[in-house]
2 protein chains.
Amino acid sequence: MTQTTLDPVLFAKAIADETRQKIMKLTCCRWRSVNEIVEQLNVTQPTVSHHLALLRAAGLVNFKEDGKQTYYQLNRDLVTVCCDQIIAKFSTEVESNSTCCTGEPQ
Amino acid sequence: MTQTTLDPVLFAKAIADETRQKIMKLTCCRWRSVNEIVEQLNVTQPTVSHHLALLRAAGLVNFKEDGKQTYYQLNRDLVTVCCDQIIAKFSTEVESNSTCCTGEPQ
DNA sequence: TTGACATATAGACGATCATCTATATAATAC
DNA sequence: GTATTATATAGATGATCGTCTATATGTCAA
């Protein structure tokens, strides 16, 4: 049920913040509770929750609740898909899969 | 003399705008004058110049002047490098090339 | 040299954003 | 039940951003 696509502009906006990229890095490889994340950063708990909600809305983190705690983990597959999508987007002039740019641009 | 690296946060900020991504796409495969770009978008010439200056500062476009005109072209290599860098950044918990995340995160 | 054209810069304005404090919600422990 | 802990939400505030109009700068043609 994790999200598999995201528009390149929305993806860029979602990751265009230092605090969010720090959160993404902290959660890239294991589940982290909100408190764990707060302890690693120099921002308040509501600020962390705010960024997590934003990343969650973009589908960039998965989460699971366990009692009092909520755990978050980066959706690494989506990051990869989006990055590949950006590379592809700027490899052709038009919105198709026609070939372009294979030769030397004049 | 074209730029070859760019911090992931700065890269994301630079491309986190629809107009700029449109400009990037227009210039991805050939040199375009400012006027050509303006004609393709629904924004004024100063707005386009503003975005071009921003992309130029980030090293994301190359440019050459020819008489009255200035031509811009996307630095596609840098886009690729930055995207690869983002994928790599969120594949390890720490700022090293030590292994991590190769198994199933618990 | 004067006028037309191409681009850049300056300054203003409204919108979005990152952060904070205060507080609500919900789960657990005693 | 009451206190404590974990997280989310609400609302405020200052900063950043995207866009516009007006204008400056620089190049070419007549």
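Within every chain, numbering begins at 1; the chains are lettered A, B, ... in the order of the sequence lines, protein sequences first and strands thereafter.
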Novice: Mapping B/Leu52 and A/Asp17 onto DNA chain C by nearest heavy atom, which one lands closer to the 5' end?
Specialist: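 By nearest-heavy-atom nucleotide position, the 5'-most residue is B/Leu52.
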Novice: Phosphate oxygens OP1/OP2 of C/dA6: is one of them under 4.0 Å from a side-chain N or O of B/Tyr72?
Specialist: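 No, no such contact exists.
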Novice: A/Leu41 CG to C/dT19 P: how many Å, rounded?
Specialist: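 So the CG-P distance, A/Leu41 to C/dT19, works out to 10 Å.
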Novice: Check the pair A/Lys25, A/Gln40 against side chain to side chain contact (heavy atoms under 4.5 Å, CB included), reporting the backbone distance first and the verdict last.
Specialist: CA-CA 11 Å; A/Lys25 193 159 179 61; A/Gln40 302 293 323; over 6 Å; no
Novice: Can you tell me the distance, in whole Å, between the CG atom of A/Asn35 and the P atom of D/dT4?
Specialist: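 After rounding, the reported distance stands at 17 Å.
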Novice: Would a hydrophobic clustering, with Ile, Leu, Val, Met, Phe, Trp and Tyr connected at side-chain separations under 4.5 Å, put A/Val43 with A/Ile23?
Specialist: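 Same cluster.
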Novice: Measure from the side-chain heavy atoms of A/Ser49 and tell me the nearest of D/dA8, C/dT19, C/dT7.
Specialist: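 Out of D/dA8, C/dT19, C/dT7, the nucleotide with an atom closest to A/Ser49's side chain is D/dA8.
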Novice: What's the verdict on side chain to side chain contact (heavy atoms under 4.5 Å, CB included) for B/Thr47 and B/Leu41, showing C-alpha distance, side-chain angles and the deciding distance?
Specialist: CA-CA 10 Å; B/Thr47 295; B/Leu41 305 177; over 6 Å; no
Novice: Nearest whole angstrom, please: distance from the C1' of D/dA8 to the CZ of A/Phe63.
Specialist: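 Interatomic distance, CZ of A/Phe63 to C1' of D/dA8: 12 Å.
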Novice: At less than 4.0 Å, is any side-chain N or O atom of A/Thr19 found next to OP1 or OP2 of C/dT19? Yes or no.
Specialist: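 So the side-chain polar atoms of A/Thr19 do come within 4.0 Å of the phosphate oxygens OP1 or OP2 of C/dT19, strictly under.
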Novice: Strictly below 4.0 Å: does A/Thr44 bring a side-chain N or O up to OP1 or OP2 of C/dT19?
Specialist: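 Result: no.
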Novice: Select one nucleotide: of D/dG18, D/dT19, C/dT7, the one nearest the side-chain heavy atoms of B/Thr47.
Specialist: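 Among the listed nucleotides, the one closest to the side chain of B/Thr47 is D/dT19.
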Novice: Are A/Val61 and A/Leu10 co-members of a hydrophobic cluster defined by side-chain heavy atoms under 4.5 Å apart?
Specialist: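 Shared cluster, yes.
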Novice: How close or far is atom C1' of D/dA8 from atom CD1 of A/Ile23, stated in whole angstroms?
Specialist: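 Spelled out: CD1 on A/Ile23 to C1' on D/dA8 is 14 Å.
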Novice: Taking only N and O in the side chain of B/His51, is any of them less than 4.0 Å away from OP1 or OP2 of D/dT19?
Specialist: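 Yes, within the criterion.
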Novice: With a 4.5 Å heavy-atom cut-off, do A/Ile15 and A/Arg20 have their side chains touching?
Specialist: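 No, too far: nothing below the 4.5 Å cut-off.
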Novice: A/Gln69 CD to D/dA8 P: how many Å, rounded?
Specialist: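 Value for this atom pair: 11 Å.
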Novice: Relative to the 5' end of DNA chain C, which residue comes earlier, B/Tyr71 or A/His50, by the nucleotide with the nearest heavy atom?
Specialist: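 It is B/Tyr71, whose closest nucleotide lies nearer the 5' terminus.
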Novice: Please check: side-chain N/O of B/Asn62 versus main-chain N/O of B/Thr2, any donor-acceptor pairing under 3.5 Å?
Specialist: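 No.
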Novice: Taking CD1 from A/Ile37 and C1' from D/dA8, how many angstroms apart are they, rounded to a whole number?
Specialist: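 Checked: the CD1 to C1' distance equals 14 Å.
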Novice: Think B/Arg20 has a side-chain N or O under 4.0 angstrom from the OP1 or OP2 of D/dC17?
Specialist: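 Negative; the distance criterion is not met.
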Novice: Once you round it to whole Å, what is the distance between P of D/dG18 and NZ of B/Lys22?
Specialist: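 Distance, rounded to whole Å: 14 Å.
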Novice: If I take atom CD from residue A/Gln3 and atom CZ from residue A/Arg56, how far apart are they, to the nearest 0.5 angstrom?
Specialist: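 These two atoms lie 13.0 Å from each other.
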Novice: Can you check each nucleotide of nucleotides 23-30 of chain D against protein heavy atoms at under 4.0 Å and return B for base, S for sugar-phosphate only, - for none, in 5' to 3' order?
Specialist: ----BS--
Novice: According to a hydrophobic-cluster definition based on side-chain heavy atoms being under 4.5 Å apart (Ile, Leu, Val, Met, Phe, Trp, Tyr only), do B/Ile87 and A/Ile87 belong together?
Specialist: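 No, B/Ile87 does not connect to A/Ile87 through the hydrophobic network.
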Novice: Under the criterion side chain to side chain contact (heavy atoms under 4.5 Å, CB included), I'd like the reasoning laid out for A/Gln85 against A/Lys89: C-alpha separation, chi angles, the key distance, then a yes or no.
Specialist: CA-CA 6 Å; A/Gln85 198 180 345; A/Lys89 173 172 181 177; 5.8 Å; no
Novice: To the nearest Å, give me how far apart CG (A/Leu54) and P (D/dT9) are.
Specialist: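 Those two atoms, CG and P, are 13 Å apart.
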Novice: Which of residues 5-16 of chain B sit near DNA chain D, with a heavy atom under 4.0 Å from it?
Specialist: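 Nucleic-acid contacts, sorted: none.
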Novice: Between A/Ile37 and A/Leu52, is a side chain to side chain contact (heavy atoms under 4.5 Å, CB included) present by the stated rule, with each step listed?
Specialist: CA-CA 10 Å; A/Ile37 298 168; A/Leu52 284 169; 4.2 Å; yes
